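Presented below is the structure to which this report refers.
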Amino acid sequence: MNTLKKLKSIDAIYWFVAVFFIAALVFVPGFANLAALERLLSQGCVLIILACGVHLTVLNGGVDFTSTALLALTTVVGGSIMSTKGPLGGSAGALILGLLVMVLLGLGFGIINGFSITTFKMPSFIVTMATQMIVNGLAVVYTGGSSVTGMPSAFAKFGKGSIFIFPYLLIVAVGVALVMHIITTKTLFGRQLYAVGTNHKAALISGVSPRKTIFKAYVLSGVCAGIAGIVMLAYMQSGSVNYGATMFNDIMGSIIVGGTSPAGGRGKIANTVMGALLINMIDSVLNILGIPYYFITLIKGLIILVAASIDLIRMDRKVAR
Amino acid sequence: MKKEMLRKAFGIAMAGVMAISMVGCGGGGSSSAASETKSSAAPEASAPAEPSSAPSEAASAVESAVSAASEAGTEKSDITIGVSWCAIESQMWAEYQNTIKAECESLGVKYTESVAENDVQKQNQQIEDFISQGVDAIIIAPADGEAVVSAIQECNTANIPVIMANRAAGEGCEVYATISSDNKAMVKREIEYIVSITPEGTKYRCLELVGSLTDVNAIARQEGFEETIAEYPDMFELVSTVPTEWKGDQALAGVQNTFSADDTVNFIFSPSDALLPSIISGLQQLDKYAKVGEEGHVTLVTFVGAADAVSAIREGYVDVVSVQDATNQAKLCVQAAVDAAGGKEAQDYTDAGFEVSTQNVETDYADFTGY
């Protein structure tokens with residue numbers, strides 16, 4: 001009886017991921033082999049990291065449009081620093097400097113976003129939309145639109161290497177997700193994040209500083225975008241201003257399918273990670289099945305809608321109880 | 001009540017999975033279309049449909065390539081080709097897509113496709129999924145030739161031959177064949193055509209529209225235009241260069257802004273017919289859309305060979321279009337893929353293209369309607 005209760009208490013997203021994965025293993029030719037599973041895991045890493053970052057901003061009722069643009073900017077800037085065709089010739093120092101600059105770029109734009117939103121009391125979607133445009137523009141100006149290639153061989157090995165079917169990149173993604181999970185569940189900042197997202201005024205009265213909390217959320221989101229840029233650069237072995245061009249829907253899809261409320265105050269990092277895995281699996285499986293792109297978009301939209309509806313029904317029931 | 005809710009949730013989840021499974025088991029839409037015709041493919045392989053454009057050199061190239069393919073006819077029904085599109089956003093790409101589908105059916109090979117909406121990461125992912133799918137060859141129309149190198153390397157590792165459609169890949173990977181146009185030379189020829197018909201003393205003040213800066217074809221066309229007009233400094237002056245990212249709205253804004261700043265512009269170079277409707281709309285709004293020879297005519301030079309452009313040339317509004325033969329290129333892509341899957345040697349093919357202008361549209365190209 002206890003087991004049944006435990007099963008019932010598991011969030012819908014876990015059932016979706018499990019059912020979809022098993023169905024894909026059984027029904028989709030070409031999916032149930034180790035190389036395909038390794039590719040699937042590699043493909044999901046960037047989405048997981050970006051979704052974890054944006055998740056924090058959604059938790060307090062905001063959004064961060066800058067993340068995908070930062071992904072592109074960090075790959076071209078970091079890539080040009082560490083490239084063997086660059087002035088530093090792809091040396092170890094260039095590699096370290098490139099990685100550092102990528103994280104700092106994310107951090108810097110996170111600070112700009114957080115500062116603008118908290119100091120000028122501007123809506124997050126306006127601020128991050130504006131910085132998204134600025135970042136996109138900077139990436140094009142920096143590269144002239146062309147791609148950055150010639151990554152050092154050590155970085156290439158990191159991007160393509162794996163332990164059994166688990167890519168090295170997955171270690172980074174899981175590491176980021178774990179840190180974000182600990183931050184949101186085990187720290188004072190995490191509790192403040194939920195408090196501000198649930199009721200801004202109540203949080204303020206109870207001694208929480210919404211300004212500091214929101215600022216930190218955007219800074220962390222920016223850092224995540226910088227790390228996602230590193231993973232993307234390692235995986236693709238090139239930097240491009242086009243990276244992430246259509247990824248924002250998948251990021252928000254991951255967060256919403258994972259049961260995070262767009263209004264803020266509710267959501268779990270682990271569920272967002274599951275959401276990202278589901279979205280990534282849907283893409284891959286339907287591609288393998290040879291289903292046309294526009295049909296994939298339609299199916300993905302329907303599944304997101306159904307998953308989100310089921311989660312909302314469950315939440316309503318919990319509230320009613 | 002609780003059980004009912006749980007049943008509903010489970011039912012919806014299963015329905016979703018079942019629906020996907022059913023779609024997948026149905027052969028996956030486009031992927032099944034060609035395979036259904038495989039039994040009758042071999043006799044048709046040597047007699048594909050004629051290209052919509054009628055340039056004789058292109059047609060003979062197709063014929064020789066197709067006849068070579070027919071030698072391996074008995075094996076084609078086992079071949080599956082994956083086609084990765086950057087995006088189907090212009091008449092040229094639509095023609096490419098339709099021709100590849102038709103050619104696969106004609107040759108009796110299975111066909112599956114994905115569209116990346118110009119997202120290079122998504123395109124890499126889709127190419128990797130083709131590897132999982134176990135296709136025999138992959139045709140890639142890349143959003144960014146450099147950024148797709150990583151995915152091509154994976155294809156190399158998996159021993160799956162890659163054919164580049166219309167755009168070349170960057171360095172660091174092996175491709176079986178690249179089927180593309182000589183963009184730079186084609187633009188040079190159409191500008192030289194303008195020079196040849198222009199009365200001495202005429203001064204062109206030019207607006208140059210540029211495609212995507214990550215597209216090697218766009219860059220080649222830009223270089224072709226700028227290098228050629230630089231050879232005639234007394235005739236051409238570059239007033240403004242506007243990047244469009246192949247987007248019509250940016251082309252329209254570019255035309256409007258340039259003419260607002262300088263009303264004396266009398267020449268527009270468009271790197272693609274896909275931008276032409278926006279350019280025409282902009283000129284109409286500015287009351288500058290006049291026929292060749294009429295007062296106030298803005299010389300329009302474009303590229304690709306879409307039906308809109310050829311029609312505008314026939315009506316006398318557009319001066320010249322450099323046509324890249326998408327029909328022929330698409331057929332050669334399929335042919336190269338079939339040859340590659342069959343273990344044959346292939347070679348790069350460069351589409352020389354041809355120019356359709358107000359002077360030859362009713363004579364040399366009377367039957368050419370564009371795509």
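Letters go in sequence order (proteins before strands), and every chain restarts at 1. Predicted model only: the values in this text are computed from it and were never measured. Note: hydrogens, waters and symmetry copies are ignored here, and every other heavy atom, side chains too, is used.
- Residue B:E174 places its CD atom among 12 or fewer non-hydrogen atoms of other residues, nucleotides or ligands, all under 6.0 Å distant.
- Contact annotation: the side chain of B:V149 never approaches that of A:Q237 to less than 4.5 Å [non-hydrogen atoms, C-beta and beyond].
- Taking all atoms of both residues into account, the shortest heavy-atom contact from B:A147 to A:Y243 is CB-OH, 3.8 Å.
- The shortest distance between side-chain heavy atoms of B:E171 and A:T149 does not fall below 4.5 Å.
- Looking at A:D250, there are no atoms closer than 4.5 Å to chain B (heavy atoms on both sides), in backbone or side chain.
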- Task: Evaluate the criterion side-chain contact (heavy atoms from CB on, under 4.5 Å) for residue pair A:S240 and B:E146; output intermediate values, then yes/no.
- Result: CA-CA 9 Å; A:S240 169; B:E146 296 284 355; over 6 Å; no
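- The neighbour count for A:K157 NZ, taken as heavy atoms of other residues, nucleotides or ligands under 6.0 Å away, does not exceed 12.
- Within the 4.5 angstrom heavy-atom criterion, atoms from both the backbone and the side chain of B:I131 approach chain A.
- Distance CG/A:L47 to CD/B:Q121: 8.0 Å, rounded to 0.5 Å.
- Of the inter-residue distances, the one linking B:S150 atom OG with A:M151 atom CE reads 11.5 Å to the nearest 0.5 angstrom.
- The structure places CG of B:N124 at 12.5 Å from CZ of A:R39, a figure rounded to the nearest 0.5 Å.
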- Go through the steps for B:E154 and A:K160 under the test side-chain contact (heavy atoms from CB on, under 4.5 Å), then give the verdict. CA-CA 10 Å; B:E154 297 231 2; A:K160 297 290 177 190; 3.4 Å; yes
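- Residue A:V28 does not touch chain B at all, counting heavy-atom pairs closer than 4.5 Å.
- Atom CD1 in A:I288 sits 10.5 Å away from atom CD in B:E128 (nearest 0.5 Å).
- With chain B as the partner, the residue from A:G30, A:G159, A:S147 showing the most heavy-atom pairs under 4.5 Å is A:S147.
- Side-chain polar atoms of B:S114 and A:N287 form no donor-acceptor pair below 3.5 angstrom.
- Neither the backbone nor the side chain of B:D215 comes within contact range of chain A, judged by heavy atoms closer than 4.5 Å.
- With rounding to the nearest 0.5 Å, the separation of CG in A:N242 from CG in B:D144 is 6.0 Å.
- The contact between A:M247 and chain B is made by backbone and side chain atoms together, counting heavy-atom distances below 4.5 Å.
- Summarising the geometry of A:S284 relative to B:Q125, their closest heavy-atom pair is OG-NE2, 3.8 Å, with the distance given to 0.1 Å.
- At a 4.5 Å heavy-atom cutoff, A:V26 makes no contact with chain B through either its backbone or its side chain.
- Of all heavy-atom pairs spanning A:M236 and B:V120, the tightest one is CE-O, 3.7 Å.
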